[in-house]
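Below, chains carry the letters A, B, ... as their sequence lines are ordered, and counting in each starts from 1. A quick note: this is a predicted structure, and the numbers were derived from the prediction, not measured.
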Amino acid sequence: MPELPEVETTRRGIEPYVVGSTVEAINVRQARLRNVVPIRSLKRALLGTSIQSVIRRGKYLLLSSVNGHLLIHLGMSGSLRILPKGTPAQKHDHVDIVFDNHYLLRFTDPRKFGVVDWVTGNPDEHSLLTHLGPEPLTGSFSGQLLFERSRKRSVAVKQFIMDSHIVVGVGNIYANEALFKAGINPLRQAGRISLKRYEKLSQAIKDTLIEAIKVGGTTLRDFTNSDGQPGYFKQSLLVYGRAGQSCRKCRYRLSEVRLSGRSSVYCPRCQK
DNA sequence: ATGCGGACCTGTTAGC
DNA sequence: TGCTAACAGGTCCGCA
């Protein structure tokens, strides 16, 4: 479900409730998530400590206390919500972090592709984080980087920019959108794109993500922020979900192909 | 190393 | 209306 803008929206939503609050209880209903450390082991470390910060790394969130970091990934269908204490749990509500204020943080994930893990030491060395590429909204991400890392790569450029080892946070929706804005065909081989075009693409990725964050992300079916509100970027989508409809630039019919199982929509006229 | 397909799960929707 | 297949915002793993 969530790409970088949705995770960042979630981060901003939970931060004011969580930072400075002490963990009073942890309720685990479903421990079988995509974890490295058994989820139950986080209890001992986190109970009675307070959360000092909520930072995002790619699509991961890190809630840090003096003892270590709670690492959360929302997978394809996960969400985090702030709810009043005592709110009854529903079917896919797997973990609650209960605070000493009036609230709890609830992790929900029907498909269980998400992660709720515990990290001690430097989180950058955690196996899920250590090989991640740069953050797209920082200066360490650029057209130059995409150009250099794509040389001799034959993969389609869309798969290339969705590879978290290259750059983090770009999922299927925003990959489609950024490629359209940059005028690049998603099927083009990554190694056969010029530096100039990669500079346009890196800027398109930044612009798309920033715009989406501004309006609270994209809600297709069930994404909500931590208050239960949807995001409004869906109205701004130029190609994703619009196969067969007309291009917003040239009116030509948008095409759809599947790239490693992911739907890829593009304009055959505007994207070369 | 790179590229590809399958695996992990459940819910919703499209099609017969 | 009901059944089945395909699809969905992600990522890791094993194999060639």
Subject >> Smallest separation among heavy atoms of A/L254 and A/S246, with atom names >> reply: CG-C, 4.3 Å
Original post:
Does A/G191 offer a backbone N or O that forms a donor-acceptor pair with the side chain of A/R151 under 3.5 Å?
Top reply: yes
Subject >> C/dG14 and B/dC9, which share atom name P, separated by this distance in whole Å >> reply: 16 Å
**OP:** Can you see which heavy atom on A/I166 is nearest to which on A/L145, and at what distance?
**Re:** O-CD2, 3.8 Å
**OP:** Using the P atom on both, measure B/dG6 against C/dC7 and round to a whole Å.
**Re:** 14 Å
**OP:** Please name the pair of heavy atoms, one in A/N172 and one in A/S263, separated by the smallest distance, quoted to 0.1 Å.
**Re:** ND2-O, 3.2 Å
Original post:
Do the side-chain N or O atoms of A/K91 get closer than 4.0 angstrom to the phosphate oxygens (OP1, OP2) of B/dG11?
Top reply: yes
Original post:
Any salt bridge between A/K214 and A/E211, counting N to O under 4.0 Å?
Top reply: yes
Subject >> C/dG9 base stacked by A/F223 (centroids within less than 5.5 Å, tilt under 30°) >> reply: no
**OP:** Check the side chains of A/T208 and A/E177 for a donor-acceptor pair under 3.5 angstrom, ignoring hydrogens and angles.
**Re:** no
**OP:** Take the protein atom CD of A/Q90 and the nucleotide atom P of B/dT10, then report the distance between them rounded to whole Å.
**Re:** 17 Å
Subject >> Integer-rounded Å distance: C/dG9 C1' and A/I213 CD1 >> reply: 15 Å
Original post:
Do A/R111 side-chain and C/dA8 base share a donor-acceptor contact under 3.5 Å?
Top reply: yes
Subject >> Length of the CG-P vector between A/L259 and C/dG9, whole Å >> reply: 13 Å
Just the table, please: protein N/O against nucleotides 2-6 of chain B N/O, every pair under 3.5 Å.
from	atom 1	to	atom 2	distance (Å)
B/dG3	OP1	A/S154	N	2.6
B/dG3	OP1	A/S154	OG	2.8
B/dG3	OP1	A/V155	N	3.3
B/dG3	OP2	A/R153	NE	2.5
B/dG3	OP2	A/R153	NH2	2.6

Original post:
Contact class for A/K234 (heavy atom, under 4.0 Å): base, sugar-phosphate, or nothing?
Top reply: nothing
Original post:
Rounding to a whole Å, what distance do you find between A/L220:CG and C/dG10:P?
Top reply: 10 Å
**OP:** Mark yes or no for whether A/S21, through its side chain, and A/F99, through its backbone, hold a donor-acceptor pair below 3.5 Å.
**Re:** no
Kindly give the atom pairs (protein nitrogen or oxygen, nucleotide nitrogen or oxygen) under 3.5 Å for nucleotides 11-15 of chain C.
from	atom 1	to	atom 2	distance (Å)
C/dT11	OP1	A/H73	NE2	2.6
C/dT11	OP2	A/K59	NZ	2.8

Original post:
Taking only N and O in the side chain of A/S263, is any of them less than 4.0 Å away from OP1 or OP2 of C/dA8?
Top reply: yes
Original post:
Are OP1 or OP2 of B/dC8 and a side-chain N or O of A/K112 less than 4.0 angstrom apart?
Top reply: no
Could you run down the sub-3.5 Å N/O contacts of the protein with nucleotides 14-16 of chain B?
none

**OP:** Could you check which nucleotide pairs with B/dC9 in any of the strands shown, counting Watson-Crick or G-U wobble with both distances under 3.5 Å?
**Re:** none
Original post:
Which value, rounded to the nearest 0.5 Å, describes the distance between A/N67 atom CG and A/T49 atom OG1?
Top reply: 5.5 Å
Subject >> Complementary nucleotide of C/dA16, counting Watson-Crick and G-U pairs under 3.5 Å >> reply: B/dT2
Subject >> Nucleotide nearest A/H92 when distance is taken to its side chain, options C/dG9, C/dA8, B/dT10 >> reply: B/dT10
Original post:
Is A/R11 salt-bridged to A/E15, going by a charged N under 4.0 Å from an acidic O?
Top reply: yes
Original post:
In whole angstrom, what separates A/N35's CG from B/dC8's C1'?
Top reply: 13 Å
Original post:
Is it true that the side chains of A/Q203 and A/E199 contain a donor and an acceptor less than 3.5 Å apart?
Top reply: no
